[in-house]
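Here the structure is laid out as structure tokens; the discussion comes afterwards.
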Number of protein chains: 2
Amino acid sequence: MATISDVARLAEVSVATVSRYLNESGYVGAKSRESIQSAIKELNYVPSEVARSLSTKQSDIIGLIIPDIKNPFFPELARAVEDTAFEYGYTVILCNSDENANKEKHYLEKLTKKYVAGIILTSIIEQENHWQKVKLPIVALDRPINSNVPTVTTNNEKGAKIATDYLIACGATNLLCISGPDTFTSSQTRVDGFNLAATHKNINTYIIESPYDFEIAEKILYDYLKNNPAIDGIFACSDASAIGALKAAHRLGICIPEDLQIVGFDGIQVGNVVTPSLTTVAQNIYQLGQTAAKLLIKQIEGHKLTQESVCIDPELIIRETTRKERFK
Amino acid sequence: MATISDVARLAEVSVATVSRYLNESGYVGAKSRESIQSAIKELNYVPSEVARSLSTKQSDIIGLIIPDIKNPFFPELARAVEDTAFEYGYTVILCNSDENANKEKHYLEKLTKKYVAGIILTSIIEQENHWQKVKLPIVALDRPINSNVPTVTTNNEKGAKIATDYLIACGATNLLCISGPDTFTSSQTRVDGFNLAATHKNINTYIIESPYDFEIAEKILYDYLKNNPAIDGIFACSDASAIGALKAAHRLGICIPEDLQIVGFDGIQVGNVVTPSLTTVAQNIYQLGQTAAKLLIKQIEGHKLTQESVCIDPELIIRETTRKERFK
DNA sequence: TTGAAAGCGGTACCAC
DNA sequence: GTGGTACCGCTTTCAA
């Protein structure tokens, strides 16, 4: 593999000049420029990013730490981050933390060692603060970690409120909210939105907790719905639990949406494939990822952030698990 | 950030000794060892992987090039690769090629510049040969690129044969095979398996092509099934097209599995969520990724490969889009 | 406009 | 056992 000095030698100039040419920093005379160009071509020269990194203490690598790429929410997010990174000439390292503080910490350290340019973090660690040791640009995605860290999230409360309002408008009066694990602030915020919309009306509300896993949710909801047949509307804090509820209702012979209406949250693809297809509050996942990446790159490149944090509105997608709106 | 010479100075030894200690190469006396340890602790020293890479021309980064992480087949694959990489101390860079030769080439180059240790490639480029310029360890995943490159694939022919045999055993006699784009050898091989199982019996066979996209497949199959009501069994070369077929049949009022049985291929999660749930030939996706990563790491670490290529058997998962087996 | 040379933070050979 | 030191390939002063 040819090096910069090979190029310099062949072009009969100094490495400094070649470097200047490469980085478009400083002057390079026309003749030098030409001979450098042909030398590069002839030697098939490709600059070493590692050497450059060592010198500049910077790289074009972005670390993306997420809980689990298998979780249907994240592929699209990762894709958005990668697309944006690609557009700006960056590259992304994928890390699955499994909601595990140690793994998260491990990756944070590992990425630091690599001089990554910055990190996008969907952290489990809201209370802890490994990230504080990291002096790199960081953006928190989906889950805020600290008010000093720029954060990109969905407007969860608003989304939950819209969903609940819609259920009520469609005639549901006994509402169940399926919350997520209480360690997720996003889940708590969605529950807040649910309460905001459902209280002070002639509505009965119930809350039950379930992990964002459709098989577990199915079990939990099977038991719950069996014992609580009055429930006629469900707002689930995730599509996964919504689909679990759908399956459970199916097994119990409950008709959807006639006897029971369901609205999910997230907008993952599967919701469109189940029968009946799922009415849901869709997060703009791609935009979340894209925004996070852009915010990070802005920081990396030393621009001032005009907005520290971004909150993206979700959108209600009406499909088949809800009836027609009756009350406006 | 502390460097190796800071450590050496504080520990009152030379950098060479610290380096030896760090890499467990060569002798380090007990006293030196101790003072180095405490110096490292005190300075909170973390070795720079970049500097090390420059010196050794090696890194612990594995490049993973896939068409699109949003494609439901790949998250699990990526996860398996990442898990295995993690286990062996490697880190993975994720690249989405979009089945685009230029993007693939770009990434191949970019990864080379970074001195990545090796590359796992799900290539679109079966005929081209960008990868030939790359002198790094490579493993081809899912799609063979060349007989010299170690390859990990599913036994597609066998899987297709099992699926088709099963359809026939369940009483289907007018079989449609939904193939994939003919640029995928995997699809061709599955069609081969289908033909192998279906010809020479009192079976009528038909073949139609569709992309691995459930919405497009739905359109194509809607038209096809409308005009060919005799079809009573479908073997789809992907779960995506199987689900498209399912949706199309649903819209046409065709009962599944009574009037029409469907078997998919891939084993993606969605198949388990649709109604009726999809009988399918499941690839062992996790194992594919894991095997590829292990094969790559073996090469990287200079071990001889005992088996150049690996072919993993898929498994028929019987769910609700097929009837009970009637003929054995 | 250009080049010499001092880093960047390690590794590894060789002499002691 | 240990240390001096010449690289690895590139960036970046600073002087010419």
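Fair warning: this is a prediction, and the values are worked out from it, not measured in the lab.
Under the ring pair (Phe, Tyr, Trp, His ring centres under 6.0 Å) criterion, the residue pairs touching residues 78-101 of chain A are A:F86-B:H106, A:F86-B:Y107, with sequence neighbours excluded.
Residue-to-nucleotide proximity on DNA chain C shows that, of A:R33 and B:T56, the 5′-proximal contact is made by A:R33.
A nucleotide of DNA chain C counts as in contact with chain B when one of its atoms lies under 4.0 Å from a heavy atom; the first and last such, 5' to 3', are C:dG9 to C:dA12. Boundaries of the chain A contact region on DNA chain D are D:dG9 to D:dT12, first to last in 5' to 3' order (nucleotide atom under 4.0 Å from a heavy atom).
For an aromatic pair to be called close, the ring centres must be under 6.0 Å apart, and A:Y212 with A:F73 fails this.
The shortest distance between side-chain heavy atoms of B:Q283 and B:D142 falls below 4.5 Å.
With respect to the salt-bridge test (charged N to carboxylate O, under 4.0 angstrom), the residues B:D98 and B:K70 do not qualify. A salt bridge links A:E99 with A:R143; the closest basic N to acidic carboxylate O contact falls under 4.0 Å.
DNA chain C is contacted by B:A16, B:S19, B:N23 of residues 8-32 of chain B, taking any non-hydrogen atom closer than 4.0 Å.
To the nearest 0.5 Å, atom CZ of residue B:R20 and atom OG of residue B:S32 are 9.0 Å apart. Interatomic distance, CD1 of A:I69 versus CG of A:L64, reported as 7.5 Å (0.5 Å rounding). Of the inter-residue distances, the one linking B:C311 atom SG with B:L288 atom CG reads 9.0 Å to the nearest 0.5 angstrom.
Taken over five-pair windows at either terminus, the axes of the helix from C:dT1-D:dA16 to C:dC16-D:dG1 are inclined to one another by 40° (rounded to 10 degrees).
Under 3.5 Å, the side chains of A:Q37 and A:Y21 contain a donor-acceptor pair of N or O atoms. B:S14 and B:T17 form a side-chain donor-acceptor contact under 3.5 Å, judged by distance and modelled atom types alone. There is no side-chain donor-acceptor pair under 3.5 Å between A:R79 and B:N71. No side-chain donor from either of B:T151 and B:T153 sits under 3.5 Å from a side-chain acceptor of the other.
Applying the salt bridge (charged side-chain N to carboxylate O under 4.0 Å, His left out) test to A:D213 and every residue at least two apart in sequence or in another chain returns nothing.
As judged by a 4.0 angstrom heavy-atom cut-off over every strand, B:V46 is placed among residues touching the sugar-phosphate backbone only.
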